[in-house]
Amino acid sequence: MAAPEISRAAGGSGSGRDAPTLPTGRTIELLLLVFSVVLVTGALVLVEANQEQELTPTLLYVGLAYLVVLMLAHLAVRRFAPYADPLILPSVGLLNGLGLVMIHRLDLADQDRAILLGQEAPDSLVFRQILWTALGLALFIGVLWSVKDHRTLARYGYTCGFAGLILLALPGLLPSSISEVNGAKLWIRIGGAGIQPGEFAKIFLIIFFAAFLVQKRDLFSTAGRRFLGMELPRARDLAPLLVAWGLSVAILVFERDLGSSLLIFGMVLVLLYAATERVSWMLIGLAFFVGGALIAYQLFGHVQVRVQVWLDPFSDYDNRGYQIAQALFGLGTGGVGGTGLGAGRPDLVPFAESDFIFSSIGEELGLIGLAAILVIYLVLITRGLRSALAVRDSFGKLLATGLAFSVALQIFVVIGGVTKLIPLTGLTLPFLSYGGSSLLANYALVALLLRISNAARAPLTRRPAAPAVPIAEAGTELVQRPVVGP
Amino acid sequence: MPELVLQLTRAGFLALLWLFVLVALRVVRSDLYAASGLRAVLPGGGRVTARAGRSRTARQLVVTQGPLVGTRITLDARPILIGRADDSTLKLDDDYASTRHARISQQGDEWYVEDLGSTNGTYLDRAKVTAPTRVPLGAPVRIGKTVIELRS
């Protein structure tokens with residue numbers, strides 16, 4: 001062997017750490033969480049200083065509640081998943097915190113406007129969002145505590161699939177008075193509070209498809225005919241893709257929800273691809289997607305409206321194009337550096353705190369701030385995918401891939417819609433947007449990701465077997481065929 | 001708020017936000033390969049350290065030739081499976097390797113290589129491996145186009 005080879009080897013062994021002494025990463029997680037508390041508190045102070053010229057008690061409540069939530073989440077991770085990925089929780093925490101800041105900022109603007117118009121002040125959304133965050137935390141801890149090993153979820157695959165289907169179908173079947181808000185039937189509203197069961201259905205369906213594909217993986221990779229250098233799957237194996245496609249179309253027809261429809265189809269497609277490693281699935285899926293999109297465009301008025309608004313929002317500026325046009329103006333006003341927190345007018349966009357929070361942030365933090373937020377999302381997603389790569393069992397791999405990818409696709413769909421890259425679909429940005437169901441569901445999703453990453457990073461628990469080795473060594477001669485490992 | 005303070009806080013907040021991102025990315029870099037046990041040599045990243053307390057037992061398996069050159073696996077008590085199967089410890093993408101090609105496992109302080117009925121065979125330093133054979137430190141083990149060796 002040549003000399004450079006040896007020096008490279010020495011360098012590698014110097015810089016690396018061995019698996020058994022792998023740090024848990026909890027210290028760095030705590031550090032980053034404290035950092036995000038500082039960032040969020042600073043942002044709140046800036047918002048209040050710019051808006052009101054004085055600090056209100058709300059600042060204290062929001063800041064303290066945020067601190068308590070993050071610390072409880074950290075303690076829960078320390079207790080239930082000590083080897084979990086150190087970056088997932090801080091990313092989520094910071095995004096959630098920046099969402100709180102932006103929602104508080106829009107609250108202040110709404111209150112100002114109400115005072116100017118002489119109306120009574122509207123409800124403060126930030127307190128509701130904090131309440132939802134606390135509930136999300138409870139769900140997060142609950143999932144971490146109850147799911148001790150993600151592999152047990154595989155056993156409930158079909159149950160989860162059934163639960164997901166019911167949750168998806170429920171708003172579509174209920175009368176419009178309960179389920180319809182702004183033309184989309186995806187709510188269950190009882191009294192003042194409402195939830196969107198579709199957000200939870202997403203997680204159940206990912207669990208189902210991951211379990212199903214692990215069970216039947218061989219079936220889907222059996223060779224069909226070869227065509228253009230790819231192996232096509234057999235016609236009868238297309239069933240799951242057809243089911244997903246039918247499901248998406250049904251959501252589109254009965255619930256008029258473009259976003260969830262796209263999300264579920266994309267998710268199944270990626271899981272199929274991840275399970276079989278065959279490009280032909282992607283191409284077939286894309287063909288299905290294009291076909292479905294064309295048919296939907298021909299049949300449904302609301303899809304046509306969305307596409308027209310996307311192509312030219314300014315042609316119908318006063319009516320349908322108003323929202324997206326205002327969002328684009330907001331992004332343009334923000335420019336590279338933004339107007340500064342609390343110094344812009346993001347409240348001019350309808351639904352600025354939920355669907356269009358991205359443009360609100362863009363106006364006040366500018367391209368630099370938006371890029372930072374995108375990188376934080378990217379870190380969250382890559383850590384999820386990395387857990388998928390590192391975890392040892394196939395179900396965990398598929399589950400983590402599905403969860404991480406569903407977040408990624410949702411972000412793409414929302415931000416693409418807001419920035420007029422693709423037609424607007426009406427999903428919420430995970431953790432940033434105002435919305436209880438989205439926050440709850442995403443906290444449950446993150447708890448599952450942390451559980452999988454804990455399994456991926458924890459050292460193998462083989463230590464109890466160690467005392468047996470010297471005895472075996474002492475007692476036996478050379479063993480011809482070594483014991484087969486797992 | 002005065003204009004100057006506004007501008008300063010605006011820039012300061014964005015700088016802090018990016019500082020968070022950079023700290024996060026640093027953590028990503030530091031454990032790029034830690035959890036999987038696989039460790040690739042980062043170009044220019046490694047420091048050359050003196051190998052103090054040099055022992056006779058193998059600590060690492062290093063790929064010295066073939067497409068995966070530079071890959072190293074830290075050895076523990078588990079056997080190393082080599083082949084094209086997805087669950088192999090060292091997964092080869094090589095037409096000359098079999099799905100389950102060879103296994104390197106520990107017996108006491110020594111490591112043994114064993115051919116798992118591969119089509120093209122496993123070679124320890126020119127000699128074809130027919131029975132479990134002890135692998136000395138630094139001896140090349142050839143599997144298809146890949147050559148691996150054990151290092152302390």
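Below, chains carry the letters A, B, ... as their sequence lines are ordered, and counting in each starts from 1.
Between Leu32(A) and Val23(B) there is a side-chain heavy-atom pair separated by less than 4.5 Å. Considering only heavy atoms from C-beta on, Val28(B) comes within 4.5 Å of Arg383(A) through its side chain. Contact of the Leu17(B) side chain with the Leu98(A) side chain is registered, since non-hydrogen atoms from C-beta on lie closer than 4.5 Å.
Only the side chain of Asp86(B) comes within contact range of chain A, with heavy atoms under 4.5 Å apart. Using a 4.5 Å cut-off between heavy atoms, Leu19(B) touches chain A through backbone and side chain atoms alike. Heavy-atom distances place no part of Leu378(A) under 4.5 Å from chain B, backbone and side chain included.
More than 12 heavy atoms of other residues, nucleotides or ligands shown are found within 6.0 angstrom of CZ on Arg84(B). Sparse packing is recorded around OH of Tyr96(B), with 12 or fewer heavy atoms of other residues, nucleotides or ligands lying under 6.0 Å away. Within 6.0 Å of CG on Asp112(A) lie more than 12 heavy atoms contributed by other residues, nucleotides or ligands.
Listed for the Arg10(B) side chain is no donor-acceptor partner under 3.5 Å among the backbone atoms of Leu341(A).
Residues passing the ring pair (Phe, Tyr, Trp, His ring centres under 6.0 Å) test with Phe358(A): none are found, sequence neighbours excluded.
Pairing each heavy atom of Leu39(A) with each of Phe20(B), the nearest pair is CD1-CB, 3.9 Å.
Chain B forms more heavy-atom pairs under 4.5 Å with one residue of Ser394(A), Ala372(A), Gly340(A) than with any other, namely Ala372(A). Annotation: maximal heavy-atom pairing with chain B below 4.5 Å, among Gly366(A), Gly25(A), Ala371(A), occurs at Ala371(A). When the candidates Gly338(A), Ser36(A), Gly42(A) are compared by the number of heavy-atom contacts under 4.5 Å with chain B, Gly338(A) comes out ahead.
Here the straight-line distance linking atom CG of Leu14(B) with atom CD1 of Ile368(A) works out to 5.5 Å at 0.5 Å rounding.
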